[in-house]
Amino acid sequence: MASPKKIQPKKIIKTTLTFLAGLALPVSLAVGWHVAYGQQDAPDKPRQAYTGGPQRVPQPYQPGPVATSAPQPQAKPAQTAQPAAQASTKQPVNVASVEQAPTVPAGDELDDMRRIFSSTVQQPNMERMDRYIKGWKNAPKVQQALEDRRNRLARMDRRFLDFVREDVSAQLKQRGMTFERSQYFVYADRNPKTQFVLVGFYDSDARHIEFLGADLMSSGNLEKGGDYYVTPTGVFENLVDNFGYRALGTPNQEGWRGLGAKDSRVWDFGDQKSVKKYKGGNTVSQMRLLMHSTDPDKGEPRLGRTDSKGCVRISHTLNHFLDTYAILDLNYEQWAKTRPESWLLKKDRRPVSHPGKYLIVGDSSSYFTAQANP
């Protein structure tokens, strides 16, 4: 009877190593994918179904009590130094920087929206900036830069608002467009010395523009090179064809949540042509124009300076305001009438009576040059 064949130890080791090598390949691929993509906001637009609980029919805007606090992002509070004494050059918050307008077709709604904007966007962001200023007491240059941004927003006056009115009309006329009805809109001023974003209302009966308020934003910084663009000027419509989406809120490798806290709205205005640096010079290329929040901890202190890749970066409080009241969702609200289960629009939103659809990007550089050289 033949004796059983002995398995050589070398053969066992070789077989084991071959098995482990085969197992390591898919594991390493999975880990590499997670490192490269898993910690970033998805570059494409998610199409998952809404899973936020029982479905509710969105309620239209109804005048009522004004909220007294701003929505909080799903983020850890920023770490700051111990508070210092308030700088003596701080300007008082000019809540009336957007003048009290005469009654318009929206009636009480417009007055209510002003108060809501002031209490949930303007005041919280001013207080946030005050905390940043105090937190940088050991870095006077940074503290001064932050204070300058806060103060220029607080000092916004009627002459600037008149410029914005004229620029809105000029931008529309240049493109053969008009406001065909009363509606809200958003105006972004890409001037590096202002970096303002305003929410306006066009009254078609009076043919006049009023403003709810203003906030700081960040537009494109061409000087960073690479894939950084100048934010293009123009009139951009919020179309369903360029379907928006919401931030996943996951940080990238640097811990930066580029589209803001989880569930922040992203408005997509499609492919646009703009200027970027190329081989030591500038060239016109194509970019994707978005309006979105920025990282609540790392990005919001930088609002008020050119900092984005060409998109319009806004605060999480302004994002929540525009999203909740459907300020730019005229096309989406019409589209949603036949698709009530859409995951994009919040079920508890409160659409205003005159939603709009336009983001208008302008540049006030010429205005301030004229003011400096009358």
Side-chain angles (χ1 to χ4, degrees), residues 37 40-47 73 171 184-190 195-199 215-222 224 226-252 256-276 284-296 298-300 302-324 326-332 335 342-346 356-363:
Y37 301 105
Q40 299 176 359
D41 283 288
D44 55 346
K45 303 167 188 177
R47 292 291 184 268
Q171 297 262 18
Y184 292 87
F185 65 92
V186 172
Y187 180 89
D189 181 8
R190 73 176 188 183
Q195 295 289 284
F196 295 149
V197 57
L198 299 90
V199 179
D215 196 10
L216 292 177
M217 66 162 211
S218 285
S219 63
N221 187 345
L222 181 68
K224 289 189 176 183
D227 56 348
Y228 282 76
Y229 294 78
V230 173
T231 302
T233 58
V235 181
F236 307 101
E237 185 174 354
N238 188 28
L239 295 167
V240 176
D241 290 346
N242 300 316
F243 206 72
Y245 49 105
R246 293 187 178 276
L248 298 180
T250 50
N252 62 15
W256 186 285
R257 288 166 288 175
L259 299 178
K262 184 177 180 180
D263 203 39
S264 295
R265 181 80 176 271
V266 179
W267 291 267
D268 189 336
F269 297 96
D271 293 328
Q272 307 296 336
K273 290 183 178 180
S274 192
V275 177
K276 65 176 294 189
V284 176
S285 186
Q286 185 169 280
M287 60 162 284
R288 195 74 173 184
L289 179 60
L290 307 174
M291 181 170 67
H292 59 79
S293 296
T294 186
D295 187 277
K298 303 171 186 285
E300 290 213 350
R302 300 163 69 100
L303 292 176
R305 54 178 275 188
T306 55
D307 199 41
S308 78
K309 292 186 175 182
C311 296
V312 176
R313 288 183 185 174
I314 60 176
S315 65
H316 75 276
T317 51
L318 179 56
N319 186 299
H320 185 271
F321 177 86
L322 299 176
D323 186 22
T324 299
I327 297 297
L328 296 182
D329 285 336
L330 175 62
N331 293 326
Y332 281 84
W335 173 85
S342 170
W343 57 268
L344 178 64
L345 302 180
K346 290 185 175 181
K357 56 184 178 180
Y358 294 126
L359 166 67
I360 302 173
V361 181
D363 192 324

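Keep in mind the model is a prediction, meaning the values are calculated, not measured. Heavy-atom basis, side chains included; hydrogens, waters and symmetry copies ignored.
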Donor on one side chain, acceptor on other, Ser219 and Gln195, under 3.5 Å: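 Short answer, yes.
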Donor on one side chain, acceptor on other, Asp215 and Ser315, under 3.5 Å: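 Yes - a donor-acceptor pair under 3.5 Å links their side chains.
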Any side-chain heavy atom of [X] within less than 4.5 Å of one from [Y]?
| X | Y | result |
| --- | --- | --- |
| Leu290 | Tyr245 | yes |
| Val186 | Trp267 | no |
| Lys224 | Thr306 | no |
| Met287 | Pro232 | yes |
| Trp256 | Thr294 | yes |

Please confirm whether the backbone N or O of [Y] pairs with a side-chain atom of [X], one donor and one acceptor, at under 3.5 Å?
| X | Y | value |
| --- | --- | --- |
| Ser218 | Ser308 | no |
| Thr233 | Val361 | no |
| Tyr229 | Arg288 | no |
| Asp268 | Gly244 | no |
| Arg246 | Leu344 | yes |

Asp227: side chain to side chain contact (heavy atoms under 4.5 Å, CB included) partners, not counting sequence neighbours: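 Side chain to side chain contact (heavy atoms under 4.5 Å, CB included) list for Asp227, sorted by chain: Lys309.
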Those residues that, when tested against Glu237, pass side chain to side chain contact (heavy atoms under 4.5 Å, CB included) (two or more places apart):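 Expected list: Leu239, Asn331, Lys357, Tyr358.
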Applying side chain to side chain donor-acceptor pair (under 3.5 Å), name anything that partners [X], two or more places apart in sequence or on another chain.
| X | result |
| --- | --- |
| Arg265 | Asp323, Asp329 |
| Asp189 | Thr194, Ser364 |
| Thr324 | His320 |
| Lys276 | none |

Give, for atom [atom1] of [X] and atom [atom2] of [Y], the distance between the pair rounded to the nearest 0.5 Å.
| X | Y | atom1 | atom2 | value |
| --- | --- | --- | --- | --- |
| Leu345 | Trp343 | CG | CH2 | 9.5 Å |
| Asp271 | Asn242 | CG | CG | 7.5 Å |
| Arg257 | Ser293 | CZ | OG | 10.5 Å |
| Cys311 | Gln272 | SG | CD | 11.0 Å |
| Ile314 | Leu216 | CD1 | CG | 12.5 Å |
| Leu359 | Phe236 | CG | CZ | 7.0 Å |

With Tyr332 via ring pair (Phe, Tyr, Trp, His ring centres under 6.0 Å) - residues at least two apart: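 Only Phe243 meet the ring pair (Phe, Tyr, Trp, His ring centres under 6.0 Å) criterion with Tyr332.
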Residues in ring pair (Phe, Tyr, Trp, His ring centres under 6.0 Å) contact with Phe185, at least two apart in sequence or another chain: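 Phe185: ring pair (Phe, Tyr, Trp, His ring centres under 6.0 Å) contacts with Phe179.
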Trace of the side chain to side chain contact (heavy atoms under 4.5 Å, CB included) decision for Leu322 with Met291: CA-CA 11 Å; Leu322 299 176; Met291 181 170 67; 3.8 Å; yes
Inter- and intrachain pairs under salt bridge (charged side-chain N to carboxylate O under 4.0 Å, His left out), touching residues 311-320, at least two apart: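 Sorted pair list: Asp307-Arg313.
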Which atom names give the shortest non-hydrogen contact between [X] and [Y], and what distance separates them?
| X | Y | answer |
| --- | --- | --- |
| Trp335 | Ser342 | CZ3-OG, 3.3 Å |
| Leu248 | Lys262 | O-CG, 3.4 Å |
| Ala261 | Ala247 | O-CB, 3.7 Å |

